[in-house]
Amino acid sequence: MASGRRQYPFHLIEPKWQQMWERQQAFRAFNPGETIPGGHPFAVRHGLEDKQPSAAELPPKFYILDMFPYPSGAGLHVGHPEGYTATDILARYKRAKGFHVLHPMGWDAFGLPAEQYAVKTGQHPRQTTEENIANFKRQIQSLGFSYDWSRELATTDPDYFKWTQWIFLKLYNSWFNPETNRAEPIETLKYPAELGEGADGNRGQASRLPLASKERNDGDRRDAGPTDLESARRAWRDKHRLAYVTDAPVWWCPALGTVLANEEVQDGVSEVGGHPVVRKPMRQWMLRITAYAERLLSDLDSIDWSESLKEMQRNWIGRSEGAEVDFAIADCRLPIADSKIRVFTTRPDTLFGATYMVLAPEHKLVDQITTPEQREAVAKYKAEVAKKSDLERTELAKEKTGVFTGTYAVNPVNGERIPIWIADYVLASYGTGAIMAVPAHDTRDFEFATEFNLPIVQVVQPPDPKTDWRGFVDDGTSVNSTGPEISITGLPTAEAKTKITDWLEAKGLGQRTINYKLRDWLFSRQRYWGEPFPIVWKRDAGGNLYHEALPESALPVLPPALTDYKPTATGEPPLARAKEWVTLPDGATRETNTMPQWAGSCWYYLRYLDAKNPQSFVGKEAESYWMGVSNPKSEIRNPKSATPGVDLYVGGTEHAVLHLLYARFWHKVLFDLGYVSTPEPFFKLVNQGLILGEDGQKMSKSRGNVVNPDDILKEYGADAFRLYEMFLGPLQDTKPWSTKGVEGVYRFLGRVWRLFGDEQSETEFEQAETVTNTQTPEAPKLLELIRLNSAIKDVPPSPAQLKALHACIKKVTEDLDAMRFNTAISAMMVFVNEAMTWKTKPHAVLREFLILLQPFAPHLAEELWTKVQSPKPKATASDGAETLAVGPGALDSLAYSPWPKFDPALLVESEIEIPVQVNGKLRDVIQVSADADNATVEAAAKASAKVKPFLEGKTLKKVIVVPKKLVNLVVV
RNA sequence: GCCGGUGUGGCGAAAUGGCAGACGCACAGGACUUAAAAUCCUGGGACCGUAAAAAGUCGUGUGGGUUCGAGUCCCACCACCGGCACCA
């Protein structure tokens, strides 16, 4: 042990209070209508003992949420508790402020490691998961966080994933209505005329179909037998559902034995593990997140997230405005419908500069338009591209490649013939999979044209004539842009875009379009340890396979027992091994994919609100109270949306796009369908920064610089650990760990201990401790031997003492409101340093200080709080310390003690120091009375002996007096 | 390449446009101690001075600018960190 003697007996104090809080359920939050037990400190504080308050009768809520962890086998590292400590401090602070705080914790427990372990050892992932959760929970609890453990949840719990599957059914049974711009039940989807039941008689409403049967046993369905009309209608609906099936190529990762979402693939390798991935067509479930692109984008304006995080989401969604333009194919040998190639461009103003076209190699027209002479070259190029992994495609991106198809297109604005090429720098999956190339004003086209000697025509003049127009991609003025029917020459870029787009629309050659980079969410995984889909597959009379939702009554769909967790030899998911499970009595077969890990984390913050509800994923009343809509006393800080949701959400940046985008998407669907009352889930979000190793490098096992919280706790205790994590620097910053730094705050806590404790009784305590087994339940009683320091007296504080206290209250309060934990701690250090010097320490002053300390170092503060309940040792000491903290009817629980208010009047000085500058340079500091007027201050400044030499022989030009701040004498 | 963020002592950091370096670490000196640990006190940006002081000069990545006054605001650049990356 580097630090030698223990600063204070945290090894007894911390378990004592953790047990106390747990016994008392001190941090349990109560839903509207719930009976609040008498004696519970929250009930005592708010006068709600044995009552069943409605939402309106409860104090204003405050929902503080941590990103729940994946309980890995490695246990907690010091990065986890950083955010958890910050939120715990705020939760405790808000409780003291009188809020009804919801502060829950749970487990994001589905995931690959437990499954990979199962593949290796045959141990069921549930067992691994449960062990890991137990370890995580023990570690988290040893830090004294004030979570409401009665709301604990795990995504792997059937009572939980039943509702994950239920939400999936909602997605499955909904479509996005572009007219109302929101999700609606699939029954509101109209069939097109050819599928309608009679012309307009029943408005083609799908509700005429026996849809009610969806909620009945699936066995009863469609006894009448399918018809062509019925399967056509089913196909129509299936095409519109928010959850749908495609056979599109997906990222298959052979090493992981699963497909991955676009977002899980980085630079051609899997984000997890860095394994290579390949493109492979497979049947997959998709979620139609793209329908929400616009709302996901625009609603960012209504929430309080960091600008950089919003920017990341905006970039991910990637909205771009432009136009789609049709180019006719010259000398067309094709049927009319296919004789056009549609391109997407954000720069229709550069249409006159289009000197060639490029199709993605996968574009569906490529084979049709390729001339016989070029056929071989095109086929070869397509084969090359198909062979390339995405990794190679990105790596080789520097050099442009492509092949001419032999065919020409006609530029609609000037009738010019331009060659059509194929090249892999055009992506099939974005826009229309084809572009018009304007080499003069697009970097990629410029490189391509240079490579293949294609013409480059200027059509934009840069604002600065010295700028080279070649490769100029910004806004300027259109030039050389006059055709037989339309001219935009001379127009600034913005106007040129409008004018030419209007013309294209009028001529039927194109239209305004908005494109998004965002793709639909690939939602199925070939894994065992995830939520099974509540979906079965059947065949209709024509032998066609179709899918159907299981009824709600079939939930939860549990995964089958397996002995082998590997995918099958044919590449089918592991669930396919459970033959009996897969096949239902009616011959239907179950979907064997499972949901991705993101599914469970998409809505866990809602389950916390009503974690045990067996009837619903969340009760209406609980939802509206905690999300802040039903309680008139709630603080609504954003008048624009007036729907705060989670008041504070803290977690790492690694979830900046995926989790946060997916969760927002699900929340909006639930909002549209009327299940939740706010359009956004997380009103305020803060990303905690990374904690690096002592060497300033990212912590990793291979570098050997990982700090284990258990080791720190053993040596310095939870309070010191918490304090240090916050003292390190601003929450959002990346900062290196320093175990030496822990000692600093540990010493501070030791000073607090000595400030309150009596030295002689401490010695007696230590002697008693050496002959006692500290593992016994009686050991904490030893703490009663510690007496209050005799310098602490029930006397009125001096003005200086009051000032020190109130300066501390002010600073800590303001810093907590702004989440500046490090400076709040330093303010408490300043206070303690000063209080140590006081000969007589007023009881009232030190007592208030403990309330400030409590959120940061709750165990120590609670223990000392028992000592300051009365300046004399308690007469009823035989009751033990417990009664002091939790006695019914008495407001003596520190955790719920009202936060002190500072009195600004106590902070005013009678004499203040004013710096005096000459020409902006500090020359002296003078003492003046605080209410001195400017003339007096100026005179005093001029009179200063240190200032005078700098004025001699100079002319005083100007005098700046900033009241109570500074004097600056300007001389020449 | 594009977007976002950050550059302040030996280190972590602090500073509504107004005394740069609070608070802490590490370090040095002292007190207590047989000694050590712990604790308490003192010191500290650099330079130049001096027996020791005082005074002075320079100092917040670099170069400009605005201002009586800039770590803070503006412009240009450099470095590092994070994100995106052939998205037309």
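As the structure is a computational prediction, the values presented were derived from the model and not from experiment. Convention: sequence-line order gives letters A, B, ...; per-chain numbering from 1.
Comparing the C1' positions of G21(B) and G7(B) gives an interatomic distance of 16 Å, to the nearest angstrom. Rounded to a whole angstrom, the distance from the C1' atom of A28(B) to that of C19(B) is 27 Å. Nucleotides G59(B) and C2(B), compared at atom C1', are 36 Å apart to the nearest Å. U72(B) and G17(B): their C1' atoms are spaced 7 Å apart (whole Å). Distance noted for atom C1' between G9(B) and G45(B): 5 Å (whole Å). Taking the P atom of each, A37(B) and G29(B) are spaced 12 Å apart, rounded to whole Å. Rounded to whole Å, the C1' atom of U66(B) lies 23 Å from the corresponding atom of C78(B). For U50(B) and A13(B), the P atoms lie 39 Å apart once the distance is rounded to whole Å.
In the set C23(B), G24(B), C86(B), the nucleotide with an atom closest to the side chain of Asp424(A) is C86(B). In this structure, of C40(B), C86(B), U57(B), it is U57(B) that holds the atom nearest to the side chain of Arg923(A). When each of G4(B), A55(B), U39(B) is scored by its nearest atom to the side-chain atoms of Ser308(A), the top-ranked nucleotide is G4(B). Considering only side-chain atoms of Glu311(A), the nucleotide from U39(B), C3(B), G83(B) that sits closest is C3(B).
Rounded to whole Å, atom P of G83(B) lies 19 Å from atom CD of Glu307(A). Spacing between atom CD of Glu321(A) and atom P of A88(B) amounts to 12 Å, rounded to whole angstrom units. Nucleotide C25(B) holds its C1' atom 11 Å from the CD atom of Glu694(A), rounded to whole Å. Rounded to a whole Å, the CH2 atom of Trp421(A) is 18 Å from the C1' atom of A88(B). Computed from coordinates, the His363(A) NE2 to A88(B) P distance equals 17 Å when rounded to whole Å. Phe446(A) has its CZ atom 20 Å from the P atom of A88(B), to the nearest Å. Distance, Tyr430(A) OH to A88(B) P: 4 Å, rounded to whole Å. Rounded to a whole Å, the CG atom of Leu658(A) is 12 Å from the P atom of G83(B).
Comment: Glu725(A) does not engage Arg722(A) in a salt bridge, judged by the lack of any side-chain N to carboxylate O separation of less than 4.0 angstrom.
Within the 4.0 angstrom heavy-atom criterion, only backbone atoms of the sugar-phosphate kind lie near Asn833(A); the bases stay farther away. Within the nucleic acid shown, Ser738(A) has no heavy atom closer than 4.0 Å to any nucleic acid atom. At the heavy-atom level, Lys957(A) lies nowhere under 4.0 Å from the strands shown.
Sorted by first and then second residue, the pairs that involve residues 806-815 of chain A and meet side chain to side chain donor-acceptor pair (under 3.5 Å), not counting sequence neighbours, are Lys810(A)-Glu814(A), Lys811(A)-Asp815(A), Thr813(A)-Trp899(A), Asp815(A)-Arg820(A), Asp815(A)-Thr823(A). Sorted by first then second residue, the side chain to side chain donor-acceptor pair (under 3.5 Å) pairs that include residues 426-436 of chain A, not counting sequence neighbours, are Ser320(A)-Tyr430(A), Ser429(A)-Arg519(A). Sequence neighbours left out, the pairs with a member in residues 748-757 of chain A that pass side chain to side chain donor-acceptor pair (under 3.5 Å) are Gln7(A)-Arg754(A), Arg751(A)-Asn833(A), Trp753(A)-Glu762(A). For residues 953-972 of chain A, there are no side chain to side chain donor-acceptor pair (under 3.5 Å) pairs, not counting sequence neighbours.
With contacts defined as side-chain heavy-atom distances shorter than 4.5 Å, the pair Lys942(A)/Leu956(A) qualifies.
The stretch residues 752-760 of chain A comes close to RNA chain B through Arg754(A), each having a heavy atom under 4.0 Å from the strand.
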What pairs of donor and acceptor atoms, side-chain ones from residues 729-736 of chain A against any protein atom, are under 3.5 angstrom apart with sequence neighbours left out?
residue: Lys735(A); atom: NZ; partner: Glu82(A); partner atom: OE2; Å: 2.6
residue: Lys735(A); atom: NZ; partner: Pro730(A); partner atom: O; Å: 2.8
residue: Lys735(A); atom: NZ; partner: Leu731(A); partner atom: O; Å: 3.1
residue: Lys735(A); atom: NZ; partner: Asp733(A); partner atom: O; Å: 2.9

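Taking the six-membered ring where the residue is Trp, Trp521(A) and Tyr662(A) present parallel rings, their angle staying beneath 30° rather than reaching 60°. Ring geometry for Tyr716(A) versus Tyr746(A): interplanar angle over 60°, hence perpendicular rather than tilted (30 to 60°). Ring-plane geometry between Phe452(A) and Phe448(A) is classed as tilted, the angle between the planes lying from 30 to 60 degrees on a 0 to 90 degree scale.
Contact annotation: Ser320(A) side-chain N/O to A88(B) OP1/OP2 distance is under 4.0 Å. In this model, the phosphate group of G24(B) is approached by a side-chain N or O of Arg751(A) to a distance below 4.0 Å at OP1 or OP2. Residue Arg747(A) has a polar side-chain atom (N or O) positioned under 4.0 Å from OP1 or OP2 of C25(B). Between G82(B) and Asn687(A), no contact under 4.0 Å exists linking OP1 or OP2 to a side-chain N or O. Look at Gln313(A) and you won't find any side-chain N or O under 4.0 angstrom from OP1 or OP2 of C84(B).
In terms of the salt bridge (charged side-chain N to carboxylate O under 4.0 Å, His left out) criterion, Glu451(A) has no residue partners (sequence neighbours excluded). Listed by chain and residue number, Phe831(A) satisfy the ring-ring contact (aromatic ring centres under 6.0 Å, His included) test with Trp838(A) (two or more places apart in sequence, or in another chain). Qualifying ring-ring contact (aromatic ring centres under 6.0 Å, His included) partners for Tyr381(A), counting only residues two or more places apart in sequence or in other chains: none. Checked against side-chain hydrogen bond (donor to acceptor under 3.5 Å, both in side chains), Thr290(A) has the following partners two or more places apart in sequence or in another chain: Asp520(A).
In this structure, G71(B) is classed as anti because its glycosidic torsion departs from zero by more than 90°.
Residue order along RNA chain B, read from the 5' end via each residue's closest nucleotide, puts Gly744(A) first among Ser429(A) and Gly744(A).
Stem analysis of RNA chain B (Watson-Crick or G-U pairs, both distances under 3.5 Å, runs of at least three) returns B:1-7 with B:78-84, B:10-12 with B:23-25, B:27-31 with B:39-43, B:45-47 with B:56-58, B:61-65 with B:73-77.
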Footprint string (nucleotides 7-20 of chain B, 5' to 3'): B base within contact, S backbone only, - free, heavy atoms under 4.0 Å = -----BSS-B-BB-
